[in-house]
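Report on one structure; see the data block that follows.
All values reported here derive from a predicted model rather than from experimental measurement.
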Amino acid sequence: NINMAPPTLINGHPAEKRHHHHHGPRWSWSDSQENFYNCTGYTTPRPRSDRFVTWRSTSALGNALNVYAHAFIYALVSGRQLIVGKGIVPELFCGHDGAYICGLPYANKTFFQHNTRTSCKWLDLADPTPIHDIEEKWYAYKSLGAAIYRGIPSDHPKRTDSKLLARCVKQALRCPPENPLNGIDAESCIMVRAMQLLLPGTVLRKSFAQKALVTAAQRWLGDFQDIQIVLSHSSLGHNLVTASYAEDKVFFDPPTSRADASRRFAGAIHIRAVPPRFERDSNKMNHEHYIKFFHQMNATGIVESNSLWLCAVKNALRADLFVAPRRRDYWPRSIFIATDSSGLCHIAREGLKNYDSNKDPDTFIDTIDTNIAAPEGTSSDNKRSRMHLDTNSIACMDVNPVHMSRVERHITQNTTGLDPHQLAVLDWHFLVRSRWLISVGRDNNHCAKGASRRGTHDVGNPGRSFFGWALSASGLAHAPKNLHVRNCVCKVDKNSVSLWFPHAIATHSTSFSSTTSTAIRYGD
């Protein structure tokens, strides 16, 4: 019998609030732990509900989630249960006033007072200390293989177990083999599973969503109806959670349901420009490069064929009509912009200010048949639909970005809106809650392709983790082969686009010993 954790010592949220309708099989953290234990031939610690790993981090959002990835893998291999501890992002996500209905318990002070703690020990996974604290310095996540036995010399005898453990982690999480024909690769899949456990359904707490609307009433640039719809994806919940959270069926293969898709922005663009002042970089050359980059982004906002903003909006709305042409209900049609550079959203919106979609033949989209009803925001013309674009096609919060780990958070009691750190979480959330997603970065003085669509999405590199983890939490897929994607400036092309696509096929993997293993594949 597995001992249960004291239920009164861990504060969390009700499991029944976290589930949403998805197609295909679902399974739990407990299922994955047992699968891993069996796969290793019972050579690793047996899963227990009274042994814990704490996710704690003082890093900014992306790096904090890198630390969480290490905790997730360590917990699976060591047979321990994940809990959320102290730190900027752990508390912003899952704390007493956190943004999300989290899938993991948030531990209070009493819990830690009643249990002894030690640092994670890859060389002694069976250490009986009740709580293992993940190392805060593990903010660089490179891959599954690099995470297992992290910091242990390559010639250490224990390293011989690494390949077996990595194979069993993939099997336990039902991730595909390397280089599948079509779909999410194994490294991406592991990150998807990590986010599914932490944020099942990516559901905001109702209190956070209400504060976001209060702030939006003063700061939102764009269609207010769209942000209301996206923020309606929230729920109440402040009940106790015990170690039974491990039995919740939080894991599933994307995509999400049409109902979920209808409460997402039509698209989102993450622009990581790394402003020198934001990063406390006094290098004069870097500052000059940034200024030139900013001017270039201004130039690409001009209404012409190479406009990043116009090209992105068209691609996102074209994808919408492709994946859900028969819908009659309203789906948000805004493209949300998240960036670390003040003023870029204004530039993007100005780029569409004088745009007249009626004079642009490129806004026509061929539909499948004459009986298809044109979605809201389009007009029908026999077998064609026309997209209507205007300034409100692009949306953002008109606020100055904040570096979460370099600017101290000042919590004001009884405030009705969100503070700057919470707004950074909201930016990240809106990337997650989109149906079409791309990343753009800065390479010296010009824009360039951002984080990779494949593998670990470059989350181990500076500036890429914020987007990479949003992509992992989004449930979005590769663009299907028969979707036309127009190449845009900043090296935005079909290979950099992720989108909500309604058809998923789970296929059995021949590389795993377990007959329950599945690979994530997306139909063309």
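Across every non-hydrogen atom of A99 and V425, the tightest pair is CB-CG1, 3.9 Å. Between T40 and L165, the shortest heavy-atom contact is CG2-CD2, 4.0 Å. Between S262 and P332, the closest heavy-atom pair is O-CD, 3.1 Å. In this structure, I190 and C175 approach most closely via the heavy-atom pair N-SG, 3.6 Å. Looking at every heavy atom in both residues, A212 comes nearest to L426 through CB-CD2, 4.0 Å. Between A448 and D443, the shortest heavy-atom contact is CB-CB, 3.9 Å.
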Exercise for review: Determine, step by step, whether V459 and N63 satisfy the side chain to side chain contact (heavy atoms under 4.5 Å, CB included) criterion, reporting the C-alpha distance in whole Å, the side-chain angles of both residues, the deciding distance to 0.1 Å, and the verdict.
Suggested key: CA-CA 8 Å; V459 295; N63 284 346; over 6 Å; no
Practice item. Show your working on salt bridge (charged side-chain N to carboxylate O under 4.0 Å, His left out) between D253 and R174 and close with a plain yes or no. Key: CA-CA 9 Å; D253 287 344; R174 305 188 191 181; over 6 Å; no
Exercise for review: Step by step, work out the salt bridge (charged side-chain N to carboxylate O under 4.0 Å, His left out) result for D493 and K449.
Suggested key: CA-CA 9 Å; D493 56 26; K449 183 179 292 187; 3.7 Å; yes
Practice item. Please assess R464 against H457 for the test side chain to side chain donor-acceptor pair (under 3.5 Å), listing each intermediate value before the final yes or no. Key: CA-CA 7 Å; R464 302 295 177 88; H457 316 305; over 6 Å; no
Point to revise | Pair I269-F336, side chain to side chain contact (heavy atoms under 4.5 Å, CB included): steps then yes or no | key: CA-CA 6 Å; I269 307 173; F336 178 76; over 6 Å; no
**Study point:** Test salt bridge (charged side-chain N to carboxylate O under 4.0 Å, His left out) applied to D185 and R454, step by step
**Key:** CA-CA 7 Å; D185 59 78; R454 302 180 184 278; 5.2 Å; no
Practice item. Could you go through the side chain to side chain contact (heavy atoms under 4.5 Å, CB included) check for T58 and K86 one step at a time? Key: CA-CA 8 Å; T58 57; K86 295 296 182 182; over 6 Å; no
Practice item. Carefully, step by step, assess W55 and L104 under the rule side chain to side chain contact (heavy atoms under 4.5 Å, CB included). Key: CA-CA 10 Å; W55 170 41; L104 298 175; 5.7 Å; no
Exercise for review: Could you go through the salt bridge (charged side-chain N to carboxylate O under 4.0 Å, His left out) check for R433 and D260 one step at a time?
Suggested key: CA-CA 9 Å; R433 297 300 302 169; D260 175 79; 2.9 Å; yes
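For T339 (side chain) and I271 (main-chain N/O), a donor-acceptor pair under 3.5 Å exists by modelled atom type. In this structure, D458 contributes its side chain and S452 its backbone to a donor-acceptor pair below 3.5 Å. A donor-acceptor contact shorter than 3.5 Å is absent between the side chain of Q171 and the backbone of R167. With T54 contributing its side chain and R56 its backbone, the two residues share no donor-acceptor pair below 3.5 Å. When atom types are taken as modelled, the side chain of T129 and the backbone of I131 share no donor-acceptor pair closer than 3.5 angstrom. Without hydrogens or angle criteria, D31 side chain to S28 main chain gives a donor-acceptor distance under 3.5 Å. With hydrogens and angles ignored, the 3.5 Å screen pairs no side-chain donor or acceptor of S496 with any backbone N or O of I438. Counting only distance, with no hydrogens or angles, the side chain of S465 and the backbone of N461 share no donor-acceptor pair below 3.5 Å. Using a distance-only test at 3.5 Å, with no hydrogens or angles considered, a donor-acceptor pair links the side chain of S143 to the main chain of A146. Listed for the Y290 side chain is no donor-acceptor partner under 3.5 Å among the backbone atoms of R442.
Aromatic rings from F466 and H270 are positioned such that their centres are separated by under 6.0 Å. Ring centroid separation for the pair Y106 and F93 does not come in under the 6.0 Å cut-off. In this structure, F72 has its ring center under 6.0 Å from that of W29.
The one candidate from I83, V84, V89 that meets the side-chain contact (heavy atoms from CB on, under 4.5 Å) condition with C94 is V84.
Within the cation-pi definition used here (under 6.0 Å to the ring centroid, within 45° of the axis), R435 does not qualify as a partner of F265. Geometric assessment of R150 against the ring of W122 yields a negative cation-pi assignment under the 6.0 Å and 45° thresholds.
In this structure, the side chains of C488 and N315 come closer than 4.5 Å at one or more pairs of heavy atoms. A heavy-atom distance below 4.5 Å is found between the side chains of R453 and L471. Looking at heavy atoms from C-beta onward, T202 lies in side-chain contact with H233 at the 4.5 angstrom threshold. W500 places a side-chain heavy atom less than 4.5 Å from the side chain of T256. The shortest side-chain heavy-atom distance between Q422 and F208 falls under the 4.5 Å cut-off. Annotation: side chain of T44 is in contact with side chain of Y37 (closest heavy-atom distance under 4.5 Å). Between V440 and C447 the shortest side-chain heavy-atom distance falls below 4.5 Å. Proximity of V53 to R80: side-chain heavy atoms (C-beta onward) are separated by under 4.5 Å at one or more points.
Using bins of under 30°, 30° to 60° and over 60° for the plane-to-plane angle, the ring pair W428/Y100 lands in the perpendicular bin. Classified by interplanar angle (parallel below 30°, tilted 30° to 60°, perpendicular above 60°), the ring pair Y141/W469 is tilted.
Expressed to the nearest 0.5 Å, how far CZ of R193 lies from CD1 of I73 amounts to 13.5 Å. To the nearest 0.5 Å, the span separating CZ on R264 from CG on D320 amounts to 11.5 Å. Rounding to the nearest 0.5 Å places CD1 of I184 at 6.5 Å from SG of C189. Atom CG of residue N38 and atom CD of residue Q33 lie 11.5 Å apart, to the nearest 0.5 angstrom. The CG atom of D133 sits 4.0 Å away from atom CZ of R117, with the distance rounded to the nearest 0.5 Å.
With hydrogens and angles left out, the side-chain atoms of E136 and S59 include no donor and acceptor closer than 3.5 Å. Between the side chains of Y74 and H132, a donor-acceptor pair is found at a separation under 3.5 Å. For S32 and W27, the side-chain atoms include at least one donor-acceptor pair closer than 3.5 Å. Side-chain polar atoms of Q81 and S49 form no donor-acceptor pair below 3.5 angstrom. No donor-acceptor contact under 3.5 angstrom links the side chains of S439 and R272, judged on distance only.
The local environment of NZ in K491 is sparse, with at most 12 non-hydrogen atoms from other residues, nucleotides or ligands closer than 6.0 Å. Environment of OH in Y139: sparse, with no more than 12 heavy atoms of neighbouring residues, nucleotides or ligands closer than 6.0 Å.
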